[in-house]
There are 2 protein chains.
Amino acid sequence: MALKHTILAFLSRQPLSGYEVAKEFTEGFGGCFWKASQQQVYAELAKLERQGCVVYEAIPQAGRLDKKIYSITPSGHQSLIDWLTQPTEPTAIREDLGVMGLAGHLVPNQVVYGEIERRQNLHRDMAQHLKTMDSHFAKHVDALELKDLYMHLIIRRAIRYQEDWVAWCDEALEAIERVVNR
Amino acid sequence: MALKHTILAFLSRQPLSGYEVAKEFTEGFGGCFWKASQQQVYAELAKLERQGCVVYEAIPQAGRLDKKIYSITPSGHQSLIDWLTQPTEPTAIREDLGVMGLAGHLVPNQVVYGEIERRQNLHRDMAQHLKTMDSHFAKHVDALELKDLYMHLIIRRAIRYQEDWVAWCDEALEAIERVVNR
DNA sequence: TATTCGTATTCAATCTTTTGAATACAAGCA
DNA sequence: TGCTTGTATTCAAAAGATTGAATACGAATA
């Protein structure tokens, strides 16, 4: 249920169009910890508007639908603060690869091994991409103000997550090799 | 979409009732990598039955609804193998705490700090619980057959995940302290 | 004896997310 | 000129997940 509050958090920084909010998830910082499609963002913004958490200014576009620039309202701001004050729940893990743990022996071990190798490369790339995003903050960590430190820490969380995957893949690949060459 | 295949994977090991499958998620091994409510499990089993992936034997219960013991069919088995042969996609991260990265400065830093401490304890407990689950395998890792090694590796994935959270919390708490006491 | 816990299944409503599509123009490229 | 890319919004259907409840009995506990 953090979609609502993630969007509010974006709008608490600056007014944005639906298109721009959606881009935050797919290209920007939001993707570090939440995922949402463009349609989801537009639907959520409309809902937020009905709830009085945001308002928009319609900018007429030549020959097409108005562009809507959304801003957070005091009520939306309060809703965000209330939410931030509540305890969070750890996200439930849902990981497709886990099925291998139960049934991996039903396919040749090369399939399992190859899949782990493939995943390792994906996670390595994602870690690299996140590090690039973080480089601006990472350069002068000790001089960051709290606002930027929080940002940095969340990107760090995402980097660690990806790097931990990479390390686990190493561990798993080695273990499988040892058993297969036994 | 792994719910279907996780259930098939359980049934590939032994026939189970809906109740028992649900318990695998809440108490057993399934919870390491997937989450499903009891209602979801019952609904999915009914769907799987309609698809011909499982069959059940109804065991009459004194005065109440029949107990249904589900078994995997050859078609369900094939569907599981087909799925295992496909590449997996890394699960999208969806983490409530991430909103703190965007808007944590809107609440007192003690709120952020306290929440990270709270989460650290939760993840520490979860890591401990998983280690207990794994202890049986961990004792003789080098003697495990492939089937059990896969199981062990997936539990290890979950342990690492929780431990990485604990470590990140340390990192974050320290960094916040440094900034606050500056 | 009353209450709670564990076993066991089902239904209904709602919320969240995904998938797929339609519309439309400006700008850059081939 | 035709094609793709980026900007920008909206609708609709389906799938997946959550929340809340009802039913029912045996066994253990208080």
Side-chain angles (χ1 to χ4, degrees), chain A residues 1-8 10 15-28 30-31 33-51 54 56-70 83 89-96 99, chain B residues 1-8 10 15-28 30-31 33-51 54 56-70 83 89-96 99:
Chain A
M1 262 276 306
L3 177 59
K4 170 176 172 176
H5 301 97
T6 304
I7 292 176
L8 288 176
F10 282 130
L16 295 167
S17 68
Y19 188 78
E20 287 167 325
V21 172
K23 253 204 313 196
E24 287 289 339
F25 286 102
T26 49
E27 295 169 29
F33 67 90
W34 207 265
K35 195 205 158 191
S37 65
Q38 214 174 37
Q39 296 94 313
Q40 237 184 314
V41 169
Y42 280 107
E44 193 65 37
L45 280 168
K47 197 170 147 193
L48 246 16
E49 200 261 333
R50 287 195 302 274
Q51 293 172 355
V54 302
Y56 65 83
E57 192 200 348
I59 314 264
Q61 301 284 289
R64 53 184 142 151
L65 295 166
D66 288 358
K67 176 173 170 176
K68 295 176 182 173
I69 304 292
Y70 288 89
W83 190 83
E89 282 226 29
T91 309
I93 305 170
R94 285 207 162 99
E95 177 49 54
D96 284 5
V99 182
Chain B
M1 264 275 306
L3 177 59
K4 170 175 172 176
H5 301 96
T6 304
I7 293 177
L8 288 177
F10 282 130
L16 296 166
S17 69
Y19 188 78
E20 288 167 322
V21 172
K23 254 205 313 198
E24 288 289 340
F25 286 102
T26 51
E27 294 169 30
F33 67 90
W34 207 264
K35 196 204 156 191
S37 66
Q38 214 174 37
Q39 295 94 315
Q40 237 184 314
V41 168
Y42 279 107
E44 193 66 36
L45 280 169
K47 197 169 147 194
L48 247 16
E49 200 261 333
R50 287 196 302 275
Q51 293 172 356
V54 302
Y56 65 83
E57 190 199 350
I59 315 263
Q61 301 284 289
R64 53 183 142 152
L65 293 166
D66 289 358
K67 176 172 169 176
K68 295 176 182 174
I69 304 291
Y70 288 90
W83 190 82
E89 280 228 29
T91 308
I93 304 170
R94 285 207 162 100
E95 176 49 54
D96 284 6
V99 182

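Nothing here was measured: the structure is a model prediction, and the numbers come from that model. Proteins come first, then strands; the chains are lettered A, B, ... in the order of their sequence lines, and each starts at number 1. Both backbone and side-chain heavy atoms feed into the values below; hydrogens, waters and symmetry mates do not.
- Summarising the geometry, the separation between CD1 on B:Ile59 and P on C:dT9 is reported as 10 Å, rounded to the nearest angstrom.
- Toward the 5′ end of DNA chain C lies the nearest nucleotide of B:Lys68, the other residue of the pair B:Lys68 and B:Ala92 mapping further downstream.
- Here A:Lys47 lies in heavy-atom contact (under 4.0 Å) with sugar-phosphate atoms only.
- Across the protein-nucleic acid pair, B:Tyr19 atom OH and C:dT9 atom P stand 9 Å apart, rounded to whole Å.
- Using a 30° and 60° split on the angle between ring planes, A:Trp83 and A:His5 fall in the parallel class, below 30°.
- Distance, A:Leu3 CG to C:dT18 C1': 13 Å, rounded to whole Å.
- Side-chain contact check for B:Tyr70 versus B:Val21: every heavy-atom pair is 4.5 Å or farther apart.
- Per the geometry, CD belonging to A:Gln38 stands 13 Å off C1' belonging to C:dG20, to the nearest Å.
- Not a single donor-acceptor pair, N or O on each side, falls under 3.5 Å between the base of D:dG16 and the side chain of B:Gln40.
- Side-chain atoms of B:Gln39 and base atoms of D:dG20 include a donor and an acceptor less than 3.5 Å apart.
- Taking atom CH2 of B:Trp34 as the reference point, atom P of D:dT18 lies 10 Å away to the nearest angstrom.
- Looking only at distances, a side-chain donor or acceptor of A:Thr91 sits under 3.5 Å from a matching main-chain atom of B:Arg94.
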